[in-house]
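The chains referred to below are lettered A, B, ... by the order of the sequence lines, with proteins before strands, and numbering in each begins at 1. Computed over heavy atoms, backbone and side chain alike; hydrogens, waters and symmetry mates excluded.
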2 protein chains.
Amino acid sequence: MKCKVKKLDSRKFTDYIRAKGLKHSKKRRAIVKFFLKKDLHLSVDELYREIKETNPEIGYSTVYRTLKLLVDARLATERKFGDKSARFEPIHPEEHHDHLICIKCGRIIEFTNDQIEKLQQQVGRKYNFRIIRHKLELYGYCDKCRKKER
Amino acid sequence: MKCKVKKLDSRKFTDYIRAKGLKHSKKRRAIVKFFLKKDLHLSVDELYREIKETNPEIGYSTVYRTLKLLVDARLATERKFGDKSARFEPIHPEEHHDHLICIKCGRIIEFTNDQIEKLQQQVGRKYNFRIIRHKLELYGYCDKCRKKER
DNA sequence: GTATATGCAAACTGTTTGCTTTGTT
DNA sequence: AACAAAGCAAACAGTTTGCATATAC
């Protein structure tokens with residue numbers, strides 16, 4: 001099961017922009033479109049290059065600023081997997097998920113596991129923590145890279 | 001249960017240094033001493049300031065370089081919790097642990113949970129991943145900060 | 001004495017910001 | 001017309017590096 005891009009209506013972005021009294025622009029729309037369309041977990045750089053091909057007049061800072069806007073609007077989250085650069089992914093409010101990351105090819109797969117979630121709550125109780133969110137990342141070799149290994 | 005600093009023999013560092021044909025120095029020893037002595041999960045900056053008080057002639061880059069050396073020697077690991085700066089902690093080879101992080105006061109508590117570990121392996125199997133390592137961080141409010149909240 | 005360690009300043013990377021110009025409403 | 005967006009360059013934070021000097025062996 002690969003990552004599927006779920007429908008995240010760009011209308012939500014429009015709503016947010018309006019509610020904030022901000023303005024729409026071609027470039028913003030282009031960035032949001034790419035962001036939603038492309039496979040998940042893009043780094044800013046990847047997204048920038050991608051966009052650059054069809055919209056060469058868009059600058060780096062605009063990409064950053066728009067992604068930040070998406071995060072503010074709670075339509076995206078920022079993550080860092082090992083490497084130093086930030087990766088953004090659309091939020092699907094109903095569903096939380098964690099990540100499998102291939103340390104060879106960089107592939108990122110999402111998964112969920114209710115049992116793990118429950119055990120985390122249990123850990124929280126044990127230490128008197130009120131757990132708000134968590135991060136679980138499993139690093140290893142994906143099926144393809146395992147085959148190549150030997 | 002607070003983080004306890006377990007005995008991590010600085011002799012291992014000595015061994016590593018020798019094996020690599022590198023040299024000992026007062027400063028290195030001082031840094032390693034502080035690193036092992038102080039509570040875990042120090043940022044470079046925290047460690048630097050700490051050391052500076054008794055060894056004001058030690059520079060930032062030396063701290064970095066020595067920490068890197070510790071990582072190379074597999075005596076420390078580098079982590080990033082949300083904030084941008086790296087934190088280092090001694091490795092205790094026999095034992096893997098995860099972290100509870102208080103989003104109010106920044107307190108970091110270590111924990112282990114075998115059941116979660118097992119479930120992670122299960123997830124790996126499901127997706128045909130060979131899991132090498134993982135990162136689990138639970139963010140929330142610690143007991144002290146929960147009380148203060150209301 | 002030779003080679004490594006260190007300090008300093010400078011380089012570097014990813015990200016953010018200030019300012020002027022351009023675009024949206 | 002008014003005000004936000006975008007581009008560019010410059011600022012920034014954390015980290016790394018080059019080089020001359022100090023230190024360890």
Q. Under a 4.5 Å cut-off applied to non-hydrogen side-chain atoms, are B:Arg28 and B:Ile17 in contact?
A. yes
Taken in chain and number order and not counting sequence neighbours, the residues that satisfy side-chain hydrogen bond (donor to acceptor under 3.5 Å, both in side chains) with A:Glu137 are A:Tyr139
Ranking C:dT25, C:dG14, D:dA5 by distance to the side chain of A:His24, first place goes to C:dT25
Rounded to whole Å, CZ of A:Phe13 lies from P of D:dA5 at a distance of 9 Å
Sequence neighbours excluded, the answer for side chain to side chain contact (heavy atoms under 4.5 Å, CB included) partners of A:Lys33 is none
B:His99 meets the ring-ring contact (aromatic ring centres under 6.0 Å, His included) criterion, sequence neighbours left out, with B:His41, B:Phe81, B:His97
Across all chains, not counting sequence neighbours, the side chain to side chain contact (heavy atoms under 4.5 Å, CB included) partners of B:Lys80 are B:Glu78, B:Ala86
Residues pairing under ring pair (Phe, Tyr, Trp, His ring centres under 6.0 Å) where one sits in residues 104-123 of chain A, two or more places apart or in two chains, turn out to be none
B:Arg18 atom CZ is separated from C:dA5 atom C1', nearest whole Å, by 17 Å
Within residues 51-68 of chain B, those residues having any heavy atom closer than 4.0 Å to DNA chain D are B:Ser61, B:Tyr64, B:Arg65
Rounded to whole Å, OH of B:Tyr16 lies from P of C:dA5 at a distance of 11 Å
| message | Does D:dA24 have OP1 or OP2 under 4.0 Å away from a side-chain N or O of B:Arg28? | response | no
Separation of D:dT15 atom P from B:Leu47 atom CG, nearest Å, is 12 Å
note: A:Phe81, atom CZ; C:dG14, atom P; distance rounded to Å ~ 17 Å
The residue, B:Asp45 or B:Lys27, whose nearest nucleotide of DNA chain D is more 5′ is B:Asp45
Atom CZ of A:Arg29 and atom P of C:dG23 are separated, to the nearest Å, by 14 Å
Name each donor-acceptor pair under 3.5 Å that joins a side chain in residues 59-71 of chain B to protein atoms two or more places apart or in another chain, with its distance.
from: B:Tyr60; atom 1: OH; to: B:Asp45; atom 2: OD1; distance (Å): 2.4
from: B:Thr66; atom 1: OG1; to: B:Thr62; atom 2: O; distance (Å): 2.8

Residues at least two apart in sequence or cross-chain that pass side-chain hydrogen bond (donor to acceptor under 3.5 Å, both in side chains) with A:Lys52, listed by chain then number, are A:Tyr48
B:Ile31 atom CD1 is separated from C:dA5 atom C1', nearest whole Å, by 10 Å
Between the protein and nucleotides 1-3 of chain C, which nitrogen or oxygen pairs are less than 3.5 angstrom apart?
from: C:dA3; atom 1: N3; to: B:Lys23; atom 2: NZ; distance (Å): 2.7

TODO: State whether A:Ser25 places a side-chain N or O below 4.0 Å from either non-bridging phosphate oxygen (OP1 or OP2) of D:dA4.
DONE: no
The side-chain contact (heavy atoms from CB on, under 4.5 Å) partner of A:Phe88 among A:Leu75, A:Leu42, A:Val44 is A:Val44
B:Lys20 NZ to D:dC25 P, in whole Å, measures 18 Å
By nearest-heavy-atom nucleotide on DNA chain C, the more 5' of A:Val44 and B:Lys26 is B:Lys26
By nearest-nucleotide position on DNA chain D, the 5'-leaning member of A:Leu22 and B:Leu22 is A:Leu22
